[in-house]
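First the proteins, then the strands, lettered A, B, ... as listed; each starts at 1.
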2 protein chains.
Amino acid sequence: MLATVGRRARNKADKQQRIFEAASELFTGLGYSAVTTQMIADRADVGTGTLFRYASSKGELLMMVMNERMRLDTREGIAAAASGTSPTEAIMALLAPQIHPLPDFPENTAVYQREILFGAEQGPYRTEALARISELEKAIGDILRRFASTPWVRPGVDLNGAARTTFSTLHMELIRVSIGREDPQTLTATLRSHVDVLLYGVLTQR
Amino acid sequence: MLATVGRRARNKADKQQRIFEAASELFTGLGYSAVTTQMIADRADVGTGTLFRYASSKGELLMMVMNERMRLDTREGIAAAASGTSPTEAIMALLAPQIHPLPDFPENTAVYQREILFGAEQGPYRTEALARISELEKAIGDILRRFASTPWVRPGVDLNGAARTTFSTLHMELIRVSIGREDPQTLTATLRSHVDVLLYGVLTQR
DNA sequence: ACAAATTACGGATTACGCTCCTAAATGATT
DNA sequence: AATCATTTAGGAGCGTAATCCGTAATTTGT
């Protein structure tokens, strides 16, 4: 008994680690569709059956890898948002890390978005990604509350709803860029414009 | 030669028709994932090889079927939008047919959205769906211009961009409902609220 | 009317994600 | 130590989307 963590737990952690590294290297090196689950299993030196008890689908394997970066980007964004000088700029600072120059294959970003939106209900890695998104949505709400103290917020406006709309736009813009329908160069400007319109509206009066 | 359209063309149209009907019946009867391409081929009485020269993937087969409805819904929405009494209501009238009570399996709607967003670049049926969306975005722009004659529109606001944001929200809400993350009952109200905020903004001043 | 060229057809076959089931490893019990 | 129970491993096998390529049907040319 004693203080050992148990051989079993250690083996499990080892395998988990090997699988993570194998998946990470292969996906970022070759792109999602060029990687087969067999390759990942081989490189991690586990059987295919084993692979799928550590991640329930190929998509979850990708999320496992991508979540790592998103965790850092989220932390970074939340820190940066604190020093924004206007609501628009604070939100942009929050989201900027998420729209990083799509470092690896754009395909990976596209699949990541796809899995977040359409992936299996109870996958742990998808759940983690969704939690991160909730965190960011909450941060947007906080920014709005900070800058626009109550009298500034139009009566009847649901701030959580507004945060969600902002995120809908982010999702869609990320998708448009990652599938090649939009130039990555324009992404930041486009997003800023959308955020600005959302905050101050299209029309000046009813 | 004469006035014949050519036997080949006629056969082709026949097969196309049979495939459409088979796909339509099976998808709406059983839901996307319960239908195999083999079933569609059998019911349409063609070989699997043949099936895939009329639609390049299973997803395109679904789009072929769903586009039919979307074409009607779009026409209907554009007509209805003409008699909206406020910008918000006009836009809601435009979009209402698209958020129909998800008549068949919600899964079909989810896959439809997925294919529109992530499907293969040059699929003809996806292209058609995208064209329909462009049409609706343009209609939103028209509504805004109609109701909010120039002095009303905040200077510097890109109306096409605003239309796109509206659609991002629609996409995302449709997805949320179709994968079961949101109650279909609340969809209309949620969407209206989002549109309203988009039009009049979150904040009252800069 | 026949031959040559082109296009369409379809099922055997493949690739791949994922499951299933046996066997092995580990931990508990006495 | 020995036995039993429980958890973990892994690879053979399965289902299915999609392709490949030999064959058949149709059109065009003479």
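Partners of A/Arg114 under the salt bridge (charged side-chain N to carboxylate O under 4.0 Å, His left out) rule, at least two apart in sequence or in another chain, do not exist in this structure.
The nearest whole Å value for the distance from the CG atom in B/Asp14 to the P atom in C/dA8 is 15 Å. Per the geometry, CD belonging to B/Gln16 stands 14 Å off C1' belonging to C/dA8, to the nearest Å. Nucleotide D/dG15 holds its P atom 17 Å from the CZ atom of A/Phe52, rounded to whole Å.
Side-chain atoms of B/Ser24 never come within 3.5 Å of backbone atoms of B/Phe20 as a donor-acceptor pair (strictly under, hydrogens ignored). Judged by distance alone, with hydrogens and angles left aside, the side-chain atoms of A/Thr74 form a donor-acceptor pair with the main-chain N or O of A/Met70 at under 3.5 Å. One N or O on the side chain of B/Arg154 and one on the backbone of A/Gly201 form a donor-acceptor pair closer than 3.5 Å. For the pair B/Ser168 (side chain) and B/Arg164 (backbone), a donor-acceptor distance under 3.5 Å is present.
The shortest distance between the side-chain N/O atoms of A/Lys15 and the OP1/OP2 oxygens of D/dT8 is not below 4.0 Å. Phosphate proximity of D/dA25 to B/Asn11: absent, as no side-chain N or O sits under 4.0 Å from OP1 or OP2.
Listed by residue number, A/Val46, A/Gly47, A/Thr48, A/Gly49, A/Thr50 are the residues of residues 34-51 of chain A with a heavy-atom contact under 4.0 Å to DNA chain D. If you check residues 53-65 of chain A against DNA chain D, the residues with a heavy atom closer than 4.0 Å are A/Arg53, A/Tyr54, listed by number.
Between B/Tyr32 and B/Phe27, the ring-plane angle classifies as parallel under the 30° and 60° cut-offs.
Electrostatic pairing of A/Arg181 and B/Glu121 does not count as a salt bridge here, judged by no charged N lying under 4.0 Å from a carboxylate O.
In this structure, of C/dA8, C/dC9, D/dA18, it is C/dA8 that holds the atom nearest to the side chain of B/Lys12.
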